[in-house]
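Counting begins at 1 with the first residue of the sequence. Here the structure is a predicted model, which is why all the values come from computation and not from measurement.
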Amino acid sequence: MSSVGGLTLRDVLDLREYERVRESYRAQVIARKRRRRVALGPIMTVVFECVDTVRFQVQEMARVEKIISDQALQVELDIYNRLLPTPGELSATLFIELTSDGAMRDWLPRLVGIERSLGIEVGGVVVPSVPEADHAAALVRDSVTPAVHYLRFPFTPDQVAGFEAAGEGQIALVATHAEYAERTVLAPEAHQELLGDLLGATKPLHIG
C-alpha cells in the first residue's frame with residue numbers, strides 16, 4: 001500500500017480481481033466508516049476519511065463506470081487522493097442531509113460559511129476546519145452552500161499530544177455557525193481511529 005503521495009495505480013485492483021473480494025472488503029470498510037462517522041445535530045454527518053474510505057470510493061467508481069484504462073483511473077485517483085489526511089491533520093467529508101426541496105431552500109442559504117465553522121474540541125481548545133483547497137476554490141456562489149463539503153483539521157504538535165492524552169468524553173466535534181450550533185462528543189472508537197490518522201499510524205485494511 002502506497003502512503004507517501006497517496007494511492008497509486010498499484011493500489012487499485014482490476015475489475016475482475018475486485019469483484020472476487022468486493023463483498024468481504026465492502027463489509028470491512030462499512031465497519032470502519034461506522035467508527036468514523038459522527039452525527040452533528042439533526043441535519044449533518046461528518047465522515048473522517050482514510051486510505052480505506054478513499055480506496056473504496058475509487059474501486060466502486062471504477063466498478064460502476066467500468067473504468068479499465070490506467071489514464072482514466074489516474075484521473076479518479078488524482079481527485080480522491082485530495083481527501084487523504086497527512087500526519088498531524090484530519091480530513092473529513094461533511095454531508096448536509098436534507099430530504100426535501102423545501103428544506104434545501106430553507107437551510108442551504110442559511111449555512112453559507114459552514115465549511116469554516118466546524119471544529120474538533122480538545123480540552124477546551126477548538127481546532128477549526130479549513131476547506132480543502134480545490135473545493136474552496138470551486139465555491140463561487142456566496143448566497144447558498146453546497147450539501148457536501150471537504151474539510152481538513154490541521155493540528156499543532158501540542159494539539160495532537162492533547163488529543164492523544166484526552167480521556168473518554170473529552171473530545172467533541174462542534175459546529176459554531178450562527179445558524180447551526182451543535183456539539184457531539186466522540187465515541188472512544190472514533191477517538192482511536194482519528195488518533196491513528198493524526199499519528200500517521202492508521203493501518204489499511206487488506207484487500208485482495
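The CZ atom of Arg183 lies 10.0 Å from the CG atom of Leu173; values are rounded to the nearest 0.5 Å. Considering CG of Leu195 and CG of Leu186, their distance stands at 11.5 Å, rounded to 0.5 Å. Taken from CD in Glu189 to CG in Leu194, the straight-line distance is 10.5 Å, to the nearest 0.5 Å. Interatomic distance, Asp106 CG to Glu179 CD, rounded to the nearest 0.5 Å: 9.0 Å. Taken to the nearest 0.5 Å, the CD atom of Gln57 stands 11.5 Å off from the CG atom of Asp52. The CG atom of Leu94 lies 10.5 Å from the OH atom of Tyr150; values are rounded to the nearest 0.5 Å.
Using a 4.5 Å heavy-atom cutoff, the side chains of Ile207 and Gln28 are not in contact. Taking 4.5 Å as the limit, some side-chain heavy atom of Thr145 sits within range of a side-chain heavy atom of Ile96. Side-chain contact between Val130 and Pro154: present, with at least one pair of heavy atoms (C-beta onward) separated by less than 4.5 Å. The shortest distance between side-chain heavy atoms of Gln170 and Val122 does not fall below 4.5 Å. Residues Val174 and Leu40 have side chains not in contact (no heavy-atom distance under 4.5 Å, counting atoms from C-beta outward). You'll find the side chain of Pro131 reaches within 4.5 Å of the side chain of Arg116, heavy atoms only.
In terms of heavy atoms, Pro85 sits closest to Cys50 at CD-CA, 4.2 Å. Heavy-atom minimum distance, Ile67 versus Ala72: CG2-CB, 3.7 Å. The shortest heavy-atom contact between Val126 and Pro128 is O-CD, 3.3 Å. Between Phe153 and Ala92, the shortest heavy-atom contact is CE1-CB, 4.1 Å. What you find for Val185 and Gly169 is that their closest heavy atoms are CG1-CA, 3.5 Å.
Of the possible polar contacts, one joining the Thr202 side chain to the Asp197 backbone as a donor-acceptor pair under 3.5 Å is found. A donor-acceptor pair under 3.5 Å is absent between the side-chain atoms of Thr45 and the main chain of Phe95, judged by distance alone. In this structure a side-chain-to-backbone donor-acceptor pair under 3.5 Å is present from Tyr180 to Ile43. Under a 3.5 Å cut-off, the side chain of Arg55 and the backbone N or O of Leu205 do form a donor-acceptor pair. Counting only distance, with no hydrogens or angles, the side chain of Ser24 and the backbone of Val21 share no donor-acceptor pair below 3.5 Å. Formation of a donor-acceptor pair under 3.5 Å by the Ser129 side chain with backbone atoms of Arg152 is not found in this model. Distance alone, capped at 3.5 Å, is enough to place a donor-acceptor pair between the Thr176 side chain and the Ser117 backbone. Within the 3.5 Å criterion, the main-chain N or O of Arg16 finds no donor-acceptor partner in the side chain of Glu19. Formation of a donor-acceptor pair under 3.5 Å by the Asn81 side chain with backbone atoms of Asp78 is not found in this model.
A salt bridge is absent between Glu60 and Arg26; no separation between the charged side-chain nitrogens and carboxylate oxygens falls under 4.0 Å. Using a 4.0 Å cut-off between charged nitrogen and carboxylate oxygen, Glu49 and Arg36 do not count as a salt-bridge pair. By the 4.0 Å N-to-carboxylate-O rule, Arg35 lies close enough to Glu193 to be salt-bridged with it.
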- [ ] Begin with the C-alpha distance, continue with both residues' side-chain angles, and end with the deciding distance and a verdict on side-chain contact (heavy atoms from CB on, under 4.5 Å) for Leu151 and Thr93.
- [x] CA-CA 6 Å; Leu151 311 175; Thr93 302; over 6 Å; no
TODO: Kindly indicate, with the supporting measurements, whether the criterion side-chain contact (heavy atoms from CB on, under 4.5 Å) is fulfilled by Phe155 and Leu90.
DONE: CA-CA 8 Å; Phe155 283 61; Leu90 300 175; 4.0 Å; yes
TODO: Evaluate side-chain contact (heavy atoms from CB on, under 4.5 Å) for Glu182 paired with Met44, printing each intermediate quantity in order.
DONE: CA-CA 10 Å; Glu182 298 288 345; Met44 292 187 190; over 6 Å; no
Open item on the list: Please determine whether side-chain contact (heavy atoms from CB on, under 4.5 Å) holds for the pair Val38 and Phe48, giving the CA-CA distance in whole Å, both sets of side-chain angles, and the decisive distance to 0.1 Å.
Closed with: CA-CA 8 Å; Val38 182; Phe48 290 91; 4.0 Å; yes
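Applying the side chain to side chain contact (heavy atoms under 4.5 Å, CB included) rule to Ala181 yields no partners; only residues at least two apart in sequence or on another chain are considered. Take Leu9 and apply the side chain to side chain contact (heavy atoms under 4.5 Å, CB included) test, not counting sequence neighbours, and it matches Asp70, Leu73, Gln74, Leu77.
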Could you tabulate the donor-acceptor pairs under 3.5 Å formed by side-chain atoms of residues 156-168, not counting sequence neighbours?
residue: Thr156; atom: OG1; partner: Gln159; partner atom: N; Å: 3.1
residue: Thr156; atom: OG1; partner: Gln159; partner atom: OE1; Å: 3.4
residue: Gln159; atom: OE1; partner: Thr156; partner atom: N; Å: 2.9

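With hydrophobic clusters built from ILVMFWY side chains whose heavy atoms lie under 4.5 angstrom apart, Val47 shares a cluster with Val51. Leu15 and Val75 end up in different hydrophobic clusters when Ile, Leu, Val, Met, Phe, Trp and Tyr side chains are linked at under 4.5 Å. Transitive grouping of hydrophobic side chains (ILVMFWY, heavy atoms separated by less than 4.5 Å) brings Met61 and Leu7 into a common cluster.
Residue-environment remark: CD1 (Ile68) stays at or below the threshold of 12 foreign heavy atoms within 6.0 Å.
Between Tyr25 and Tyr18, the two ring planes are perpendicular [angle over 60°; tilted spans 30° to 60°].
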